[in-house]
Undergrad: 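The structure under discussion is supplied below as structure tokens; questions concerning it will follow.
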Amino acid sequence: MTSRLAWRSCGGFFDPQRKASDLQKSEEEIGKPDFWNDQDRAQKVLKQRSRLQSAIDKAEQFQRDVEDAAVLLEFAAQDDSSLNELQTVIQRLEPEVEEAETEMLLSGPNDARDAIVTITAGAGGTDAQDWAGILRRMYLRWAERHGFKTEIVDEQPGKEAGIKGTTFTVAGDYAYGLLSAEAGVHRLVRLSPFNAGSSRETSFASLFVYPEIEEDVEIEVNEKDLRVDTYRSSGAGGQHVNVTDSAVRITHLPSGIVVTCQNQRSQHQNREVAMHILKSRLYELELEKKRAETAQLEETKRDISFGSQIRNYVLHPYRLAKDVRTRHETSDVDAVLDGDIDEFIKQYLVLKSKAGREVAPPDTAQPPAE
């Protein structure tokens, strides 16, 4: 009885019945004779089936663990080995429950998509560029922890340290839904390693996230609305950096959106990737227009500077990472900067869910022009 009640209470997190129904529909579509006639559509269905099967497998394993825990609980009071095994099962269950609770909060139409992330250094000179580089590492480490695949599409190194800006993709289930909670300005306070007096400095960097659209989403882009420039890569060299004028910058004149790509092997590949990112950003722009009228959206735009941050990271005179929106905080700043940001993400998603609408971060401005 205990295990059935526990499983029933957790079923809402995983929703295995609905996922099983969706999986059956996918299987039926895959079984159609003309399934492979549309390769793009076929790949999308296969990806969806894989995601659903993974979720169902997770639910079944969770059910087995709950049932095992119920049995072990009965013997734990008299048997030390059962108690130790019960503790092992609980330790395995806790992160699964945390992950399931977070996924339950992701119900937007694009939340399950891959993400395109842009980080831009703001006010603070060399310190800000170094801070942007630290943020890049933080999010790449976070993605690695989740088993997500990342690829740096474009990057502009700083003059002395760090980066002026970077764009990278994050591929994995719910990558966009999770990372959208991190969009905004991030503020760092520390003793600067870039001046002789090691004075206390405040630096800013912004993060923007866009859903990576599927190929079957129609985004019309007129060639006459584009200005395409080619240039030599600005990277520091190495096997992954071009040494020819193959880097591509595409400017969408009506919106002012600028996309660059320099890490592919040829100008054609760089242009193809840049166009895909441009379409994703235009798609997100249209979604923003539907979520709020343009005038309301403009009112939320602020500079990448003091007063617009969503989170503060203080390394001196005390150590604290605190989210301005949710008030969630931790003194273990080193762990946060190493990618341990799941609790910050979850707390924001909970806040967003309670509000019953999208909670706009203090800053949704586009990165300033160079």
Undergrad: Can you tell whether the side chains of Arg141 and Glu144 come within less than 4.0 Å, N to carboxylate O?
TA: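 Salt bridge: yes.
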Undergrad: With a 4.5 Å cut-off on side-chain heavy atoms, are Glu201 and Arg190 touching?
TA: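 No, every pair of side-chain atoms sits at 4.5 Å or beyond.
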Undergrad: Are Asp332 and Arg319 close enough for a salt bridge, meaning some N to O gap below 4.0 Å?
TA: no
Undergrad: Is it the case that atom CZ in Arg227 sees more than 12 heavy atoms from other parts of the structure closer than 6.0 Å?
TA: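 No, the 6.0 Å shell around CZ holds no more than 12 heavy atoms from other groups.
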Undergrad: Between Gln53 and Asp57, do the side chains contain a donor N or O and an acceptor N or O under 3.5 Å apart?
TA: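 Note: Asp57 and Gln53 side chains meet the donor-acceptor criterion.
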Undergrad: May I ask you to decide if Ser203's main-chain N or O and Asp127's side chain share a donor-acceptor pair within less than 3.5 Å?
TA: no
Undergrad: Ion pair present between Asp114 and Lys149, side-chain N to carboxylate O less than 4.0 angstrom?
TA: no
Undergrad: So, do Val89 and Leu72 sit near enough that their side-chain heavy atoms are less than 4.5 Å apart?
TA: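 They are in contact (side-chain heavy atoms under 4.5 Å apart), so the answer is yes.
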Undergrad: What do the steps show when you test Gln264 against Glu151 for side chain to side chain donor-acceptor pair (under 3.5 Å), and what is the final call?
TA: CA-CA 10 Å; Gln264 302 303 312; Glu151 180 182 5; 3.0 Å; yes
Undergrad: Is there side-chain contact between Asp68 and Glu85, with at least one heavy-atom pair below 4.5 Å?
TA: no
Undergrad: Within the 4.5 Å heavy-atom criterion, are Asp225 and Val221 side-chain neighbours or not?
TA: no
Undergrad: Should we say atom CD of Glu272 is surrounded by more than 12 heavy atoms from elsewhere, each under 6.0 Å from it?
TA: no
Undergrad: Just wondering, do Glu220 and Asn222 contact through their side chains at under 4.5 Å, heavy atoms?
TA: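 Contact flag for Asn222/Glu220 side chains = yes.
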Undergrad: Taking side chain to side chain contact (heavy atoms under 4.5 Å, CB included) as the criterion, tell me which of Ile152, Thr118, Val117 meets it with Thr166.
TA: Ile152
Undergrad: Between Arg41 and Asp34, does any side-chain N to carboxylate O distance fall below 4.0 Å?
TA: no
Undergrad: Between Ser280 (side chain) and Ile213 (backbone), is there a donor-acceptor pair under 3.5 Å?
TA: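 Indeed, once roles are kept as given, a pair shorter than 3.5 Å links the two residues.
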Undergrad: Using a strict threshold of under 4.0 Å (side-chain N to carboxylate O), is an ion pair present between Arg49 and Glu29?
TA: no
Undergrad: I'd like to know if the side chain of Trp131 and the backbone of Gly122 have a donor-acceptor N/O pair within less than 3.5 Å.
TA: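 Side chain of Trp131 to backbone of Gly122: no pair is present.
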Undergrad: Between Leu86 and Phe75, does the side chain to side chain contact (heavy atoms under 4.5 Å, CB included) criterion hold? Intermediate values first, please.
TA: CA-CA 10 Å; Leu86 175 61; Phe75 297 97; over 6 Å; no
Undergrad: Determine, step by step, whether Tyr210 and Tyr283 satisfy the side chain to side chain contact (heavy atoms under 4.5 Å, CB included) criterion, reporting the C-alpha distance in whole Å, the side-chain angles of both residues, the deciding distance to 0.1 Å, and the verdict.
TA: CA-CA 9 Å; Tyr210 312 93; Tyr283 177 69; over 6 Å; no
